[in-house]
Amino acid sequence: MRLYLALFLPFLPTERLRLCGGAPDEGPFALVEKRANAQRLFALDPAALAQGLTPGLSLSDARARLPSLLVAPADPAADRALLLRLAARCERYTPLAALDEPHGLVLDIAGCAHLFGGEEAMRARVIADFRAWGLTAQAAVAPSPDCARALARFSAGGTFTDQAEGAVARLPLAALEADEEIHFALGRAGFKTLGDLAARPTRVFAARFGNEFPFRLERLFGRADHRITPLRPPPDRMVERHFLEPFSQREAVESVIDDLLHDVALLLEQRGEGGRRFELSFFRADGHVRRLDIETLRPTRDEKFLARLFREKLDSLADPLDPGFGFDALRLAVPRAETCDAHQESFDGAARNDNERELSELLDRLTTRFGRARVLRFMREDAHEPERESRAVPASAPPSTWPAPVPGEPPARPLTLFDPPQPVEVVALAPDGPPARFRWRRKIHDVLRAEGPERIAPDWRLHGLEAPERDYYRVEDAEGRRFWLFRHGLYERGEAAPRWFLHGLFA
């Protein structure tokens, strides 16, 4: 059975401002926003709520009722940013965490609750952690996300694994969170709770409010499971450790990393897989989360090599790993796993393809130390323009297939390309003929041999239909040096004075 834990943070905006020191510690306090050319209350703290103020009330009316009210401008973007950070913190409980706006989260805890002593113990642990972080939270556990959300927001919360329908039946009609017209119509008809709606045939409501209304009731009562969309996709494989007492020593951290790598290596070996990407999450006792990830060129489950990569990653961090008050959980995830066969060894004990393995491990170490953006290779692109036939990509990206050279023929493209092509002065025997002499960098080159032209048209999607073509020539001068020249434009089309450029040098 699926189980979901819904969290509701009723005072998230005001508590966010108090946590960052932008609000008073005591006294009624509210956040305001401008709506309909008037300043209105956006969010309230418990003290202001206890005085009878409500969101949406104009600031002038609120001040008339409570002159001592302190206010500050609302910032929904900052509220959502805090909610995203809280979702990352909640990944210590389950990797499946989703936003439930406004001011809420939903966690898929199926298969995770036993790690914390059961559903009720887990719910109490989550509430206590949020209280330690300075936030008020209401939580409910139920068989569907909508059911858990309604119980967390419109009741005192609790764990409802078996009696969820009875708890939902006692909720007010506001738990529908439907349009005002629907609420008004249901109120006029005498309905007060969701249980009143459940006692009537659903076809009556479908005829009056549309076909979506019965499905909404099914989800609220936990009879239909509408899966959540987590903020981060679940990893292919995952192992983790939770600790009763936080720790911060570097030796202890490395020891736990070694244990996690050993566990994930066994898990991958059982499935005949290897990881291409590994992500290590450090959960601090104060709620902050730090993640480190490494990528490999080939699938691997070599725990010693992976431990070396993670140590190099830790040593090369520009922002060193700060344990704060200590780490209380570490998780090693494999977001990307692929089929990996065991290395076939020869009779002398040496693994085959040692050169390829050593090269890939070297590139993995360089990428880990310097970053993906600094260890690059070329990938072939589907384009016929020379400057767009390839592009630099991280070395860990999937390889591309390059056309094999024609046996016995010289290369069609030079190894060195100039970006941009360099202008040259050319003397040709005919207007549209190959170059006989050209000047480049103040030096004159006499052409002994020329091969071409190879006409390359520009991409009309980038340059338009009127862009001129290029005629490329491979030429060799009297000293044996080979160049790649092109004429930009054609005489035969009446284009004025086509120009010549040097685009590359052959080895």
Side-chain angles (χ1 to χ4, degrees), residues 6-87 99-106 127 130-140 146 149-157 170-194 209 216 220:
L7 282 161
F8 177 50
L9 310 172
F11 307 110
L12 175 70
T14 54
E15 289 177 338
R16 171 190 61 79
L17 210 56
R18 282 202 165 109
L19 288 175
C20 63
D25 295 332
E26 298 179 357
F29 175 70
L31 299 181
V32 297
E33 65 173 353
K34 189 173 182 180
R35 279 187 295 166
N37 296 325
Q39 292 289 338
R40 297 188 178 275
L41 302 186
F42 174 76
L44 306 170
D45 72 343
L49 198 63
Q51 296 295 329
L53 303 182
T54 57
L57 188 67
S58 67
L59 180 58
S60 58
D61 291 341
R63 282 272 172 77
R65 299 182 188 182
L66 189 62
S68 61
L69 179 67
L70 301 175
V71 299
D75 190 351
D79 296 340
R80 192 175 193 278
L82 175 59
L83 199 60
L84 287 171
R85 293 197 297 270
L86 293 174
L99 296 186
D100 184 25
E101 297 182 291
H103 311 156
L105 300 169
V106 176
I127 294 176
F130 272 76
R131 187 182 300 115
W133 300 334
L135 298 167
T136 303
Q138 299 174 194
D146 298 73
R149 170 192 169 97
L151 292 169
R153 291 174 181 263
F154 298 95
S155 72
R170 295 188 292 270
L171 295 180
L173 293 181
L176 280 173
E177 299 183 275
D179 298 336
E180 293 184 5
E181 296 180 358
I182 296 179
H183 282 289
F184 181 74
L186 293 174
R188 288 193 62 182
F191 297 105
K192 295 182 179 180
T193 65
L194 296 184
F209 304 116
R216 173 67 175 159
L220 280 173

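Basis for what follows: all heavy atoms, side chains included, without hydrogens, waters or symmetry-related copies.
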Item to check | Value rounded to 0.5 Å, distance of CG in Leu186 from CZ in Phe209 | outcome: 4.0 Å
Checklist outcome for this item: Ala150 and Ala175 have their tightest heavy-atom pair at CB-CB, 4.3 Å
Checklist entry - Going from CZ on Phe42 to OG1 on Thr14, what distance comes out if it is rounded to the nearest 0.5 angstrom? => result 10.5 Å
Next on the checklist: Could you report the tightest heavy-atom contact between Pro172 and Phe154, atom names first, then the distance?
Outcome noted: CD-O, 4.3 Å
Next on the checklist: For Leu17 and Asp75: C-alpha separation, side-chain torsions, deciding distance, then whether side-chain contact (heavy atoms from CB on, under 4.5 Å) applies.
Outcome noted: CA-CA 10 Å; Leu17 210 56; Asp75 190 351; over 6 Å; no
Next on the checklist: To the closest 0.5 Å, what do you measure between CD (Gln138) and CZ (Phe130)?
Outcome noted: 12.5 Å
Checklist entry - Under a 4.0 Å N-O cut-off, is there an ion pair linking Glu177 with Arg153? => result no
Next on the checklist: On a heavy-atom basis, which atom in Leu41 and which in Ala30 lie closest, and how many Å separate them?
Outcome noted: CD2-CB, 4.1 Å
Checklist entry - Is any side-chain heavy atom of Val71 less than 4.5 Å from a side-chain heavy atom of Arg63? => result yes
Next on the checklist: Under a 3.5 Å distance rule, please check whether Arg40 uses its side chain to pair with a backbone N or O of Gly56 as donor and acceptor.
Outcome noted: yes
Item to check | Smallest separation among heavy atoms of Ala137 and Ile127, with atom names | outcome: O-CG2, 4.1 Å
Item to check | Over 12 non-hydrogen atoms of neighbours within 6.0 angstrom of CD in Glu180 | outcome: no
Checklist entry - Looking at Asp45 and Arg18, does any basic side-chain N land under 4.0 Å from a carboxylate oxygen? => result yes
Item to check | Flag side-chain contact, heavy atom, 4.5 Å: Leu86 against Leu135 | outcome: yes
Checklist outcome for this item: Interatomic distance, CG@Leu82 vs CG@Leu19, rounded to 0.5 Å, equals 7.5 Å
Item to check | Evaluation steps, side-chain contact (heavy atoms from CB on, under 4.5 Å), between Leu99 and Arg80 | outcome: CA-CA 9 Å; Leu99 296 186; Arg80 192 175 193 278; 3.6 Å; yes
Checklist entry - Which heavy atom of Asp79 sits nearest a heavy atom of Leu12, and at what distance? => result O-CD2, 4.0 Å
Checklist entry - To the nearest 0.5 Å, what is the distance between CZ (Arg65) and CG (Leu57)? => result 5.0 Å
Checklist entry - Rounded to the nearest 0.5 Å, how far does OG1 of Thr193 lie from CG of Leu173? => result 7.0 Å
Checklist entry - Is the backbone N or O of Ala6 less than 3.5 Å from a side-chain atom of Arg149, with the two atoms forming a donor-acceptor pair by type? => result no
Checklist entry - Does Glu15 use its side chain to pair, donor to acceptor, with the backbone of Thr136 at less than 3.5 Å? => result yes
Next on the checklist: One pair to check against side-chain contact (heavy atoms from CB on, under 4.5 Å): Asp100 and Leu105. What are the steps and the verdict?
Outcome noted: CA-CA 5 Å; Asp100 184 25; Leu105 300 169; 5.5 Å; no
Item to check | Flag side-chain contact, heavy atom, 4.5 Å: Ser155 against Arg170 | outcome: no
